[in-house]
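Each remark here refers to the structure printed beneath this line.
Predicted model, so just to flag it, every value in this text is computed and none were measured.
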Amino acid sequence: QVQLLESGGGLVQAGGSLRLSCAASGRTFSNYIMGWFRQAPGKEREFVAAIRWNDGNAYYADSGKDRFTISRDNVENTAYLQMNSLKSEDTAVYYCAARFGNIRWSWTSYDYWGQGTQVTVSS
């Protein structure tokens, strides 16, 4: 049973930083993509970043490019999302997700999900 558990959300002022963690368990994640998505009230869930577990290749949405960094720790089986220079428009629930195979941008292509962690950026 795959489980993804996010942590690290909270309230931060604009310009600040947060690091989100996604602890993964239940299987080995070779050949998996670990992704971060977010959903703001009244909006559709959107892609933020993803990483290929095997080689660490990372992919970013334009909204987070140059501000966000995704990484993974193979020993701890944990994925991270470092978010810098946060803006009020980054306010959302952030979800960790996983899928087997290649990168996909749509949240509908991911099979496993965490419960989400709230990120609130005050202006």
Side-chain angles (χ1 to χ4, degrees):
Q1 177 94 8
V2 173
Q3 288 192 320
L4 304 175
L5 182 62
E6 302 100 333
S7 61
L11 174 64
V12 64
Q13 288 189 330
S17 298
L18 282 175
R19 188 177 81 155
L20 306 183
S21 300
C22 173
S25 61
R27 64 165 302 119
T28 57
F29 288 91
S30 300
N31 300 310
Y32 270 71
I33 298 289
M34 305 297 287
W36 286 96
F37 292 79
R38 67 186 184 186
Q39 189 165 19
K43 294 189 176 181
E44 190 168 348
R45 194 168 296 191
E46 66 175 3
F47 174 81
V48 176
I51 189 166
R52 191 188 308 275
W53 199 266
N54 285 359
D55 57 18
N57 277 350
Y59 309 85
Y60 297 94
D62 288 342
S63 59
K65 207 168 288 186
D66 299 327
R67 299 188 299 127
F68 296 175
T69 303
I70 190 171
S71 61
R72 91 276 188 246
D73 184 323
N74 286 338
V75 174
E76 297 293 328
N77 241 24
T78 300
Y80 301 97
L81 184 68
Q82 176 68 42
M83 304 187 294
N84 299 327
S85 302
L86 283 163
K87 307 174 182 179
S88 57
E89 51 262 45
D90 295 318
T91 295
V93 177
Y94 283 70
Y95 297 92
C96 175
R99 73 178 308 277
F100 180 85
N102 294 322
I103 180 70
R104 293 289 186 270
W105 315 112
S106 172
W107 66 271
T108 60
S109 298
Y110 286 72
D111 302 305
Y112 305 103
W113 290 87
Q115 83 290 350
T117 185
Q118 176 71 47
V119 171
T120 303
V121 183
S122 63
S123 56

**OP:** Would you sort out whether K87 and D90 count as a salt bridge (Lys or Arg N to Asp or Glu O under 4.0 Å), showing the intermediate values?
**Re:** CA-CA 5 Å; K87 307 174 182 179; D90 295 318; over 6 Å; no
Subject >> Polar side-chain atom of Q82 near backbone of T69 as donor-acceptor pair, under 3.5 Å >> reply: no
**OP:** Decide whether Y112 and Y94 are clustered together by the hydrophobic rule: side chain heavy atoms of Ile, Leu, Val, Met, Phe, Trp, Tyr closer than 4.5 Å, transitively.
**Re:** yes
**OP:** Enumerate the residue pairs fulfilling side-chain hydrogen bond (donor to acceptor under 3.5 Å, both in side chains) with a member in residues 9-20, sequence neighbours excluded, ordered by first and then second residue.
**Re:** S17-N84
**OP:** Classify the ring geometry between Y32 and F100 as parallel (under 30°), tilted (30 to 60°) or perpendicular (over 60°).
**Re:** perpendicular
Subject >> Exceeds 12 heavy-atom contacts within 6.0 angstrom, atom CH2 of W113 >> reply: yes
**OP:** Evaluate the side-chain proximity of Y95 to W107: yes if any heavy-atom separation is below 4.5 Å, no if none is.
**Re:** no
**OP:** Any chance you could measure L86, atom CG, to S123, atom OG, to the nearest 0.5 Å?
**Re:** 12.5 Å
Original post:
For T120, which residues count as a side-chain contact (heavy atoms from CB on, under 4.5 Å) partner, sequence neighbours excluded?
Top reply: L11, T91, Q118
Subject >> Residue E89 excluded, over 12 heavy atoms near CD under 6.0 Å >> reply: yes
**OP:** Verify whether one side chain among S30 and T28 offers a donor that lies under 3.5 Å from an acceptor in the other.
**Re:** no
Original post:
Is F68 linked to V121 within one hydrophobic cluster, defined over Ile, Leu, Val, Met, Phe, Trp and Tyr using a side-chain heavy-atom separation of less than 4.5 Å?
Top reply: yes
**OP:** Consider only side-chain heavy atoms of I, L, V, M, F, W and Y, link residues closer than 4.5 Å, and tell whether V12 and W36 are in one cluster.
**Re:** yes
Original post:
Less than 4.5 Å apart, any side-chain heavy atom of R99 and any of R104?
Top reply: yes
Subject >> Expected output: side-chain N77 to main-chain S25 donor-acceptor under 3.5 Å >> reply: no
Original post:
Going hydrophobic residue to hydrophobic residue with side-chain gaps under 4.5 angstrom, can you get from I103 over to F37?
Top reply: yes
Original post:
Any chain of hydrophobic side-chain contacts (each under 4.5 Å) joining L18 to I70?
Top reply: yes
Show every donor-acceptor pair shorter than 3.5 Å between a side-chain atom in residues 40-56 and any protein atom, with sequence neighbours excluded, or say none if there are none.
from: R45; atom 1: NE; to: Q39; atom 2: OE1; distance (Å): 3.2
from: R45; atom 1: NH2; to: Q39; atom 2: OE1; distance (Å): 3.2
from: E46; atom 1: OE2; to: R38; atom 2: NE; distance (Å): 2.5
from: E46; atom 1: OE2; to: R38; atom 2: NH2; distance (Å): 3.1
from: R52; atom 1: NH2; to: Y59; atom 2: OH; distance (Å): 2.7
from: W53; atom 1: NE1; to: N74; atom 2: OD1; distance (Å): 3.0
from: N54; atom 1: OD1; to: N31; atom 2: N; distance (Å): 2.9
from: N54; atom 1: ND2; to: N31; atom 2: OD1; distance (Å): 2.9
from: D55; atom 1: OD1; to: N57; atom 2: N; distance (Å): 2.9
from: D55; atom 1: OD2; to: N57; atom 2: ND2; distance (Å): 3.4

Subject >> Where I33 and G101 come nearest, the two heavy atoms and their spacing >> reply: CG1-O, 3.2 Å
Original post:
Nearest heavy-atom pair of A79 and M34: which atoms, and what distance?
Top reply: CB-CB, 4.4 Å
Subject >> Beyond-backbone contact of M83 with L20, side-chain heavy atoms, under 4.5 angstrom >> reply: yes
